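Written below as structure tokens is the structure these notes are about.
Numbering of ligands and ligand atoms starts at 1, following listing order. In this chain, numbering begins with 1 at the start of the sequence shown. Please read these numbers as outputs of a predicted model, since none were measured by experiment.
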Amino acid sequence: MPGLGDATRGRLLFGGDYNPEQWPEETWHEDVRLMKAARVNSVTLGVFSWSKLEPEPGAREFGWLDTLMDLMHEHGIGVVLATPTSSPPPWLGRLHPDTLPVTEDGRTEWWGGRQHFSHSSATYRHHAAAITEDLAARYGGHPALTLWHINNEYCTADHGDQAAAAFRRWLRARYGTLDALNETWGTAFWGQHYDTWDGILPPRLPHYLRNPGQVLDFRRFTSDMLLECCTAERDIVRRHSPHVPVTTNFMPLWSGVDAWRWAREEDVVSVDLYPDPRDPLGAQHGALVQDMTRSQARGPWMLMEQAAGPVNWRGVNHPKPRGLNRLWSLQAVARGADAVCYFQWRQSRQGAEKFHSGMVGHAGEEGRTFQEITRLGADLERIAPAVTGRPVPARVAVLHDWHAWWAGDQDGRLSGRVEYPDVLSAWHRALWQAHLTTDFAHPEHDLAPYALVVVPQLYALTDAAVGNLLAYTRQGGTLVCGFLTGVADQDDRVRPGGMDARLRQLFGIRTLHEWWPLEAGETVACEGFRGTLWSEELEGDGTAEEIVPYRGGELDGLPAVLRKGRAWYLSTLPEPGPLRDLLASVARDAGVRPVLDGLPDRVEAVRRGELLFVLNHGREPVTVEVPGTHHDLLTGTDVTGRVTLGRYGAAVLRP
Ligand code: GLA
């Protein structure tokens with residue numbers, strides 16, 4: 001099977017989404033000149049080009065794309081060619097309203113935007129397959145083609161009648177009998193018993209709380225249906241070009257698709273990443289998404305989209321200050337990316353994203369954004385030979401699972417303040433601030449490569465996952481679990497005792513009496529730190545070797561943190577500093593060292609292959625101790641003992 005290596009051929013891919021159909025042909029030549037100046041070696045064509053390629057039903061307009069494919073090839077620029085199926089032409093919805101998705105409250109999502117397709121519509125799938133087939137037949141052998149890009153950011157749910165029929169088929173395959181479905185969804189509650197498959201609907205706007213089993217299965221179904229659309233197109237392009245790798249771009253930490261499952265179906269894992277330049281933790285958000293994408297790829301991955309400047313979909317959209325685009329791009333490379341790409345090459349003058357930045361902004365060639373892009377292109381070329389294909393070693397894993405997220409993120413929970421992505425991010429941040437490089441892993445993955453495994457929150461765990469955690473600790477691994485872990489089984493049935501009995505035994509917990517969620521701004525005192533968000537009324541079974549108690553309040557003296565052997569349980573979320581210190585100390589005991597000792601705040605260090613990346617996320621210059629003599633690939637100079645980094649500065653050091 002091909003991988004990203006086949007597309008990069010020893011280079012770091014650098015470029016972006018290219019939408020030349022928005023511009024007159026003279027601009028295409030200007031584009032090529034600027035691409036060469038910036039050392040762009042990859043463009044993504046065709047993402048939203050369906051109505052250009054098929055302006056009326058059955059027509060084919062490939063001439064413009066022929067010209068562009070040839071133009072790119074002539075200039076040594078590889079093409080990531082997208083199937084255009086995420087934005088069907090208006091005629092498709094007009095002639096076939098069954099291709100349009102329906103929201104939970106019965107509204108149709110019309111054309112006029114994008115992503116207005118129903119994954120369950122046979123008509124949509126038929127037309128999507130037809131245009132994909134012709135595109136692949138025409139360009140599968142084109143020398144410019146380096147990678148197939150299927151659709152774009154699959155994310156559309158459908159609650160309409162076609163989706164209802166597909167949902168029933170999916171449920172029949174899963175459960176076989178209605179009895180099994182009724183049992184698993186707990187339909188005895190509120191008299192929801194189904195006597196016929198035809199009575200089952202996607203979750204639609206109810207009067208009061210939804211059935212959690214139905215919602216959980218609907219999320220699984222939606223992910224599976226979108227994946228069916230994706231693999232159908234993948235199979236078509238593979239038939240025409242078996243040696244060209246295939247990807248589809250994920251949204252970062254997006255709840256809609258089970259990306260562990262999806263990643264197995266693609267040759268290259270790619271992601272779109274847009275941290276807020278004003279967010280003091282933007283770099284950590286980037287690191288989280290990069291670590292997760294690398295873990296899904298199990299190797300190098302592709303940064304398919306980022307912004308050279310502002311996006312236009314936040315309430316207030318800020319540009320990237322000078323140097324930040326380069327720094328965050330180098331961060332992605334440090335954390336395993338072999339491709340640094342953007343949405344989009346040239347900023348649009350019309351359309352919904354005309355205020356979204358491009359690599360060439362409205363200010364053009366003279367603009368700071370393009371000047372910085374040009375500098376970055378040179379930097380990437382300089383470091384590429386030493387970096388592409390190299391692994392990022394990590395001895396710590398953060399466990400993450402979409403099904404646990406979906407099961408826990410439901411109506412009727414005890415605290416609407418507990419948001420899974422926030423909890424996951426808080427734990428990753430603590431590890432990031434402790435300068436520990438982390439992978440992500442699924443709870444049923446082999447955990448043997450890791451000296452430390454942390455579980456920020458896995459509300460629902462399969463028996464296999466519980467068994468995996470127990471086996472991991474039996475074999476000497478260190479495990480730290482956060483609250484609301486192991487509460488339910490895979491069907492969202494609460495485990496007897498409110499937490500899996502095997503896990504309670506692992507941590508030395510006899511009884512979980514009550515959950516005590518905390519209000520906004522409320523904290524709970526524990527010995528040595530303050531907890532946030534959540535607390536628990538726990539009774540130990542006398543086997544824990546170390547207990548940090550709650551102090552004061554209702555839970556005074558009861559265990560907040562328990563450790564038994566190498567297994568830790570945290571029944572609250574410590575404030576950021578204490579969580580970082582706790583995980584750093586547990587990691588040290590497990591034999592895991594930070595990437596570098598004594599790093600100043602705001603400095604990130606990551607090893608990739610034999611290289612050491614040192615990144616200054618601050619505006620003030622810093623000097624960092626780097627024992628030994630190194631060659632800085634960015635400046636071409638040697639450094640001994642220490643390196644000084646300017647505002648948003650970076651060094652890529654080879655021993
Ligand atoms: C997504 C899409 C792009 C563009 C950007 C804007 O990532 O894939 O087409 O809309 O967002 O940030």
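Scanning all protein heavy atoms for the shortest distance to atom 10 (O) of ligand 1 gives E353 OE2, 2.5 Å. Closest to atom 3 (C) of ligand 1 among all protein heavy atoms lies E305 OE1, 3.3 Å. Of all protein heavy atoms, the one lying nearest to atom 9 (O) of ligand 1 is R114 NH1, 3.0 Å.
Residue F48 has at least one heavy-atom neighbour below 4.0 Å for each of these atoms of ligand 1: 9 (O). Atom numbering of ligand 1 starts at 1 in the shown order; those under 4.0 Å from a heavy atom of W313 are 6 (C), 12 (O). Of all atoms in ligand 1, listed by their number and element, those nearer than 4.0 Å to a heavy atom of E153 are 1 (C), 2 (C), 7 (O), 8 (O). With ligand atoms numbered from 1 in the order given, ligand 1 contributes 2 (C), 8 (O), 9 (O) to contacts under 4.0 Å with heavy atoms of N152.
For the residue pair T132/T83, the side-chain donor-acceptor check at 3.5 Å is not satisfied.
At a 4.0 Å heavy-atom cut-off, ligand 1 touches H356 through the side chain alone. Neither the backbone nor the side chain of Q306 comes within 4.0 Å of ligand 1, counting heavy atoms alone.
Ring planes of W170 and F221: perpendicular class, angle over 60° (limits at 30 and 60°). Taking the six-membered ring where the residue is Trp, W260 and H400 present tilted rings, their angle falling between 30° and 60°.
Minimum heavy-atom separation, P89 to S51: CB-CB, 3.7 Å.
Of the listed residues (Y274, Y342, W328), just one forms a side-chain hydrogen bond (donor to acceptor under 3.5 Å, both in side chains) with Q306, and that residue is Y342.
Both tests pass for R346 against the ring of W23: distance under 6.0 Å to the centre and angle within 45° of the axis.
Residues W345 and P20 form no side-chain contact, since every pair of their non-hydrogen atoms from C-beta on lies 4.5 Å or further apart.
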